[in-house]
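Input: a single structure, listed below in structure tokens.
Only this structure's heavy atoms are used, side chains among them; waters, hydrogens and symmetry mates stay out. As the structure is a computational prediction, the values presented were derived from the model and not from experiment.
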4 protein chains.
Amino acid sequence: MSAPAIPVQKRTGRPRSERTEKAILAATSQLLAESGLAAMTIEGVAERAGVGKASIYRRWPSRGALALDATFDEYLAGQPTEDTGSLQGDLEATALDWTRAVNRSPWGRTLRELIAEVQSDPILAGAWKERFVRPIRQQRRPIVERAIARGEIPKGSDPELIMDLLYGPLYHRYLNGHLPLDDSFARSVARMVAAAASDGAAV
Amino acid sequence: MSAPAIPVQKRTGRPRSERTEKAILAATSQLLAESGLAAMTIEGVAERAGVGKASIYRRWPSRGALALDATFDEYLAGQPTEDTGSLQGDLEATALDWTRAVNRSPWGRTLRELIAEVQSDPILAGAWKERFVRPIRQQRRPIVERAIARGEIPKGSDPELIMDLLYGPLYHRYLNGHLPLDDSFARSVARMVAAAASDGAAV
Amino acid sequence: MSAPAIPVQKRTGRPRSERTEKAILAATSQLLAESGLAAMTIEGVAERAGVGKASIYRRWPSRGALALDATFDEYLAGQPTEDTGSLQGDLEATALDWTRAVNRSPWGRTLRELIAEVQSDPILAGAWKERFVRPIRQQRRPIVERAIARGEIPKGSDPELIMDLLYGPLYHRYLNGHLPLDDSFARSVARMVAAAASDGAAV
Amino acid sequence: MSAPAIPVQKRTGRPRSERTEKAILAATSQLLAESGLAAMTIEGVAERAGVGKASIYRRWPSRGALALDATFDEYLAGQPTEDTGSLQGDLEATALDWTRAVNRSPWGRTLRELIAEVQSDPILAGAWKERFVRPIRQQRRPIVERAIARGEIPKGSDPELIMDLLYGPLYHRYLNGHLPLDDSFARSVARMVAAAASDGAAV
DNA sequence: CCCTAAACGAGACGGTACGTCTAGTCTTATG
DNA sequence: CATAAGACTAGACGTACCGTCTCGTTTAGGG
């Protein structure tokens, strides 16, 4: 009825070395931080990690997949979701957290290039959604639930719509760069989304 | 014996051929439509156009710049800005136009990859903002002005903020692909932005 | 593999650089002399010559073809065919020349490895025959003709058979190494071939 | 390369499996017959034999050594040395035997590539001489002894010289391919060698 | 009857070189 | 000068094998 929770242990052959895996991810992170995804090559990673290229290809199907894993490793800390007491407060905290994170170089640059890489590789795009987008959104879902519980917004309000309204404008300035992505903008967006949701427009 | 009174435009050398330019752009468009930006190479364009690589480099500094020009050539038709009589109506028309345009393959794919390309090339990013982002936004500016004139929203409402609130969520689903970008979503976004602006949250 | 006798005039494009060609052949010769054919790689040649790999592949289809050309360039001096006054004298001079040439390291090693390389590459084998084997044999043909003119051997004697009888045993010891290939052996072979030919056994 | 004459008694551990050894040799022979030595790889043999690579390296030091053993296994039948009653007859029988054997594909191809392999591996060259060259020559030695006994050639005639005179030209055409190696050539060589030896030129 | 130790199949390991591809520049002959 | 053609240096690509090194398992002989 379901996939095995604990994958069956492979029976034969030399097991993959954890040391090798860590060396590859570390080298990747370094290179990404130094010069960005565009300048990161599999050969470069292999050399820096003191590893054969085959050991990389054995584990990751593409440069993007490797970069994604390495970036995810750094990101895992995640961001908090503390209750500020109001919908607008929660949205503002979320927007400010994200804004400050992506303005942090070089992580911000890598994220930007990773999103770019994802645009022309459907397999990678799937991983991106699973590993980055979905977790962050689920983490923020309680914000809407708390607002409903508080009676700030109607019961049927769509959390997905609200999340897109909040994150969308931030990503937009981040990737297009037509106007600055700063704290002030983050606060404005949060204010507008809170207002719209309170009006019941998200139902 | 005497210098010309009005300095004549330098006339030495063979002038650049218009035929060459058109052949390059046509070949680029074809290749983009066939296999996307990721698979488009300068060598491929040169061969398809029956042109030397140098003739391309003489005109465009990079693959992205060429692709941008070729795509812009196709895009010039633009979208209308007719007055629907209400802010929400105007926003909805705008959102639906954009949504339907990017859902059109292969143009949608090329745009997506172009945005990707822009992420790691600052020069190209500048061109992108000038040529695509700014014109579209200026074209839509009257929407806010009309809404103020109608008294739907306060005088000090920020058109840039409203534009970001509208386009941001659309781009977000377009590039991240976590949820479908369809007419229904476009209408929901327009409704929410109109609601927020009416509340005076965009001041 | 080599320049055509009558080079077809290429109409367009940048012509191949003579400098590049010479640098490649020089680097190849050096590497062959230093460590032999088995250790010579296309990458190594490219690096030593300060040349892109593509420039090598543009000119030679395989490592063996390149090595053959480089070795031929060194060999071109050739060996004399002076008339010693008798068949046995001429054969002996020929055998001694060849013996001493192949005992000369590193040229002898390269020749040995080149013959080896030829065994599993039919295209290369053709070039080998044309460029090395046939010229040498034709150069030695007058030996038999002079012997006939002198009346030492019958008119119908087969020069090819006599050449094989002379060179065969020398190559045999050279490649098999079961017994030393020295001047004494060269003289013995020459003596026997002369004796057999005088008996009219080569008719 | 092969089992030692007096196998040192191993004290402990699992003994080497005869099945494994046979599977390796069989797979090697198959691959040699199918595509030749140049295309035969240790990995390919291991896979075909259903054997770990280490089990091959435990037994043979190199690809050439393995190929030599596998080929030798097939060759063991050897060739007869019957007395035809005359030196020329014996030489002719020998030459024809060898000629026909090497013209037999794929065995002929493998032998050719094996000789090639030997040229750049001194250790393998030693094995080659011991295992192939010497046995064959010793097998043919009685030919000369019988000729002396018959009084066809002088007592001091050098068997090694005569063997080189006979085999050399055959190997020469076999490896160089400049002219066909056929029965007619084999007979001519035998006739010439017999003539020279009768003249006492082999003393 | 277990213990020891080597051999076993499998396959990962760090490497090297392959032959191909594209980048961006340079060099020719021809307009 | 610009052009089409194509050679130039440079270097990454992904693949194939190399010879070595773990794994967990098997298989004998000696204690």
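The side chain to side chain donor-acceptor pair (under 3.5 Å) test applied to A:Ser120 returns no partner, not counting sequence neighbours. C:Arg112 meets the salt bridge (charged side-chain N to carboxylate O under 4.0 Å, His left out) test with no other residue; sequence neighbours excluded. With sequence neighbours left out, A:Arg109 forms a side chain to side chain contact (heavy atoms under 4.5 Å, CB included) with A:Pro106, A:Glu113. Checked against side chain to side chain contact (heavy atoms under 4.5 Å, CB included), B:Ala23 has the following partners two or more places apart in sequence or in another chain: B:Ala49. Legend: residues meeting side chain to side chain donor-acceptor pair (under 3.5 Å) with D:Glu117, ordered by chain and number and at least two apart, are D:Arg63. By the side chain to side chain contact (heavy atoms under 4.5 Å, CB included) test, D:Ser62 is found to be paired with D:Ala65, D:Asp121, residues two or more places apart in sequence or in another chain being considered. With sequence neighbours left out, the salt bridge (charged side-chain N to carboxylate O under 4.0 Å, His left out) criterion links D:Arg58 to no other residue. Looking at residues two or more places apart in sequence or on another chain, you find a side chain to side chain donor-acceptor pair (under 3.5 Å) between D:Ser17 and D:Thr20.
The distance from atom CZ of C:Arg16 to atom C1' of F:dA5 is 13 Å, rounded to the nearest whole Å. Distance B:Glu18 CD to F:dT3 P: 12 Å, rounded to the nearest Å. As rounded to whole Å, 16 Å separates atom C1' of E:dC21 from atom CE of B:Met40. In this entry the distance linking CD of C:Glu47 with P of E:dA17 reads 10 Å, nearest Å.
Applying a 4.0 Å cut-off to non-hydrogen atoms, the residues of residues 54-61 of chain B that approach DNA chain F are B:Ser55, B:Arg58, B:Arg59, listed by residue number. Interface residues of residues 19-28 of chain A facing DNA chain E, ordered by number: A:Thr20; criterion, heavy-atom separation under 4.0 Å. Only at 4.0 angstrom or more do the heavy atoms of residues 112-122 of chain B sit from any atom of DNA chain E, so none qualifies.
Comparing D:Arg63 and A:Ile42 against DNA chain F, the residue whose closest nucleotide sits nearer the 5' end is A:Ile42. Two residues, D:Glu43 and A:Gly13, neighbour DNA chain F, and the one matched to the more 5' nucleotide by heavy-atom proximity is D:Glu43. Of the two residues near DNA chain E, A:Ala49 and B:Ser62, the one whose nearest nucleotide lies more 5' is A:Ala49.
Evaluation of atom-type donor-acceptor distances gives a pair under 3.5 Å for the side chain of C:Arg14 against the base of E:dC26. Between the side chain of A:Lys53 and the base of E:dG14 there is no donor-acceptor pair of N/O atoms closer than 3.5 Å.
Comparing atom distances between the A:Thr41 side chain and each of E:dA23, F:dG19, F:dA12 picks out F:dA12 as nearest.
Salt bridge annotation for B:Arg59-B:Glu21: present, with a cationic side-chain nitrogen under 4.0 angstrom from a carboxylate oxygen. A salt bridge links B:Asp69 with B:Arg131: at least one charged nitrogen is closer than 4.0 Å to a carboxylate oxygen.
Backbone-only engagement by B:Gly50 is indicated by non-hydrogen atom pairs under 4.0 Å involving sugar-phosphate atoms exclusively.
Identified under the side-chain hydrogen bond (donor to acceptor under 3.5 Å, both in side chains) test for residues 43-54 of chain A, with sequence neighbours left out: A:Gln30-A:Arg48, A:Glu34-A:Arg48, A:Glu43-A:Lys53.
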